[in-house]
Amino acid sequence: MATIQNLAFMSKERLKDLISVVNFEYNNSGFPPFPLDIIHYLLPLKLKFLKETYVAADENKVYGLISLEKDDSNPKRLKISQLFLRENSVEYAELLINYVVNKFLAKGAESFFVVVDEADEKMLKLLSDVCKFRILADEYLFKIKKSDFPYEKKHGYDFIKFSKNYEVAKIADLYNGLINSHQQPAFQIGEKYFNDNVFVGIRNKITFKYVLENPDNKSIFGYFVISTRNSSDFILDVVLAPSYEVYLADILKFVKSEISKRNLSWTLYIKVKSYFVNHKILLDVMKSYDFAPFKKSKILVKDLYKEIKSDNPLYNKQIVFNAPAY
């Protein structure tokens, strides 16, 4: 009979035969060391700040592992960031996913999401048909090395500056206003996310947040985040107001300059998400630089909300259930 327990109470040497199924963070950041892993396990959901991992074992053999991380943008939303399985052990994925969903719903979580390569039909079917996650959006991933982007900045970027806590209301309005209205319940972000990070000295991910500001009227027309776990692989998330998408080229040049100061050899992963109203224009900008998507994935969500299609008379309204829709 299969049992599930937190990895904090199991030897990590037993994981060597597992194969990664979902690992979209580009770099295996490892697991919290002892005794931090046990301390973190005991924390309530609102205080958790590291990856938490659960393992499925049967007859003293490990068959699967799942890792969750709290989404910085929503304190009650968790991301399934890693899923490892022994070969031909997909049934343990269902067991692990349902276990952590039910466990963290009881702790106060309201939403779960996972990003899966669209070519992985077996995992998509498991998540959508069996575990009742909903496929809500696409994520396009571009992989760029320093040598792939020869363009140099030829002038200063006075309109790009670090974001400040007093600007969070403006940034939240920009960000959430760019999300397709029928997808806002799943992807909108609260103002607290745009504040400076807490536990920055403890967490294994370093994040830098910037805004693009019109110097004439001080209005904000863009926001982007650079994050890294190892100072070698960097992730870039960008939102730009309509008609300002061309500034993506300036952001890329700025980012190249900034991360080159920290590491002479690096890889930049750029995400473009389809739930933003102008994501197709951002894709066109990337295409104009001859950058092709490295990977296209599906974003799957399981939460308290149900998406309303655009041809529904209730379009632009939200339906909230009293119990999780799963």
Side-chain angles (χ1 to χ4, degrees), residues 26 72-73 139-179 189-198 200 205-273 276-291:
Y26 323 118
D72 291 335
S73 64
E139 179 178 282
Y140 299 84
L141 184 68
F142 296 82
K143 180 179 180 181
I144 300 174
K145 295 182 178 180
K146 183 178 180 180
S147 57
D148 297 332
F149 194 64
Y151 308 97
E152 303 291 341
K153 69 174 187 177
K154 298 179 180 179
H155 52 79
Y157 296 111
D158 296 336
F159 54 89
I160 298 178
K161 63 186 187 69
F162 281 111
S163 65
K164 303 296 183 182
N165 285 352
Y166 64 80
E167 299 173 309
V168 295
K170 289 183 180 179
I171 299 171
D173 285 344
L174 170 71
Y175 188 99
N176 293 326
L178 291 171
I179 299 174
I189 293 177
E191 291 182 8
K192 289 184 178 180
Y193 164 73
F194 301 102
N195 283 316
D196 291 334
N197 291 331
V198 182
V200 67
K205 181 168 71 172
I206 301 172
T207 301
F208 304 95
K209 301 176 181 180
Y210 299 86
V211 295
L212 283 74
E213 182 183 74
N214 187 323
D216 296 328
N217 58 18
K218 302 300 181 182
S219 63
I220 293 174
F221 62 89
Y223 172 79
F224 66 95
V225 178
I226 309 170
S227 60
T228 181
R229 295 183 185 272
N230 59 8
S231 296
S232 177
D233 299 295
F234 293 83
I235 302 171
L236 174 64
D237 280 288
V238 179
V239 293
L240 287 163
S243 77
Y244 288 94
E245 293 88 357
V246 68
Y247 280 87
L248 178 57
D250 290 312
I251 292 174
L252 291 176
K253 295 172 187 177
F254 174 84
V255 171
K256 175 185 177 181
S257 175
E258 290 299 301
I259 62 180
S260 293
K261 295 175 183 177
R262 295 169 172 80
N263 194 328
L264 295 179
S265 178
W266 46 261
T267 302
L268 178 65
Y269 297 88
I270 304 166
K271 295 179 181 179
V272 178
K273 299 167 184 175
F276 289 112
V277 296
N278 57 351
H279 80 278
K280 291 183 179 179
I281 301 177
L282 295 176
L283 290 174
D284 287 340
V285 174
M286 296 297 294
K287 184 178 180 180
S288 70
Y289 281 88
D290 295 325
F291 296 143

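Of the listed residues (Leu240, Leu212, Val211), just one forms a side-chain contact (heavy atoms from CB on, under 4.5 Å) with Phe224, and that residue is Leu212. The one candidate from Leu268, Leu283, Leu236, Asp148 that meets the side-chain contact (heavy atoms from CB on, under 4.5 Å) condition with Phe142 is Leu283. If you run side-chain contact (heavy atoms from CB on, under 4.5 Å) between Lys209 and each of Ile171, Val225, Asn195, Ile226, only Val225 comes through.
For Phe291, the ring pair (Phe, Tyr, Trp, His ring centres under 6.0 Å) partners at least two apart in sequence or on another chain are Phe149. Under the side-chain contact (heavy atoms from CB on, under 4.5 Å) criterion, Asn217 pairs with Asn214, Ser219, not counting sequence neighbours. Asp250 is linked by a salt bridge (Lys or Arg N to Asp or Glu O under 4.0 Å) to nothing, counting only residues two or more places apart in sequence or in another chain. Scanning for side-chain contact (heavy atoms from CB on, under 4.5 Å) contacts around Ser288 gives Val285, with sequence neighbours left out. Contacts of Thr267 classified as side-chain contact (heavy atoms from CB on, under 4.5 Å), with partners at least two apart in sequence or in another chain: Lys143, Lys145, Asp233, Tyr269. Partners of Ser260 according to the side-chain hydrogen bond (donor to acceptor under 3.5 Å, both in side chains) rule, which considers only residues two or more places apart in sequence or in another chain, are Trp266. Remark: Asp284 pairs with no residue by the side-chain hydrogen bond (donor to acceptor under 3.5 Å, both in side chains) rule, at least two apart or across chains. Qualifying side-chain contact (heavy atoms from CB on, under 4.5 Å) partners for Asp290, counting only residues two or more places apart in sequence or in other chains: none.
Under the 4.5 Å side-chain criterion, counting only non-hydrogen atoms from C-beta, Leu178 is in contact with Pro242. Residues Ile270 and Leu252 meet the side-chain proximity criterion, which asks for heavy atoms closer than 4.5 Å. Val272 is not listed as a side-chain neighbour of Glu139, based on a closest heavy-atom distance of 4.5 Å or more.
Taking CD1 from Ile259 and OG from Ser265, the interatomic distance works out to 10.0 Å, rounded to the nearest 0.5 Å. Between the CZ atom of Phe234 and the CD1 atom of Ile206 there is a distance of 8.5 Å, given to the nearest 0.5 Å. Tyr210 OH to Phe254 CZ: the interatomic distance, rounded to the nearest 0.5 Å, is 4.5 Å. Atoms NZ and CG, from Lys253 and Leu248 in turn, are 10.5 Å apart once rounded to the nearest 0.5 Å. In this structure, the separation between CD on Glu213 and NZ on Lys218 is 5.0 Å, given to the nearest 0.5 Å.
At most 12 non-hydrogen atoms from other residues, nucleotides or ligands lie less than 6.0 angstrom from CG of Asp158.
For residues 166-177, the pairs satisfying side chain to side chain donor-acceptor pair (under 3.5 Å) are Lys161-Glu167, with sequence neighbours left out. For residues 234-249, the set of pairs meeting the side chain to side chain donor-acceptor pair (under 3.5 Å) definition, not counting sequence neighbours, comprises Asp237-Lys273, Glu245-Asn278.
Relative ring orientation between Phe162 and Phe208 is described as tilted, the plane-to-plane angle lying within the 30° to 60° band. Classification of the His279-Tyr140 ring pair by plane angle, with boundaries at 30° and 60°, yields parallel.
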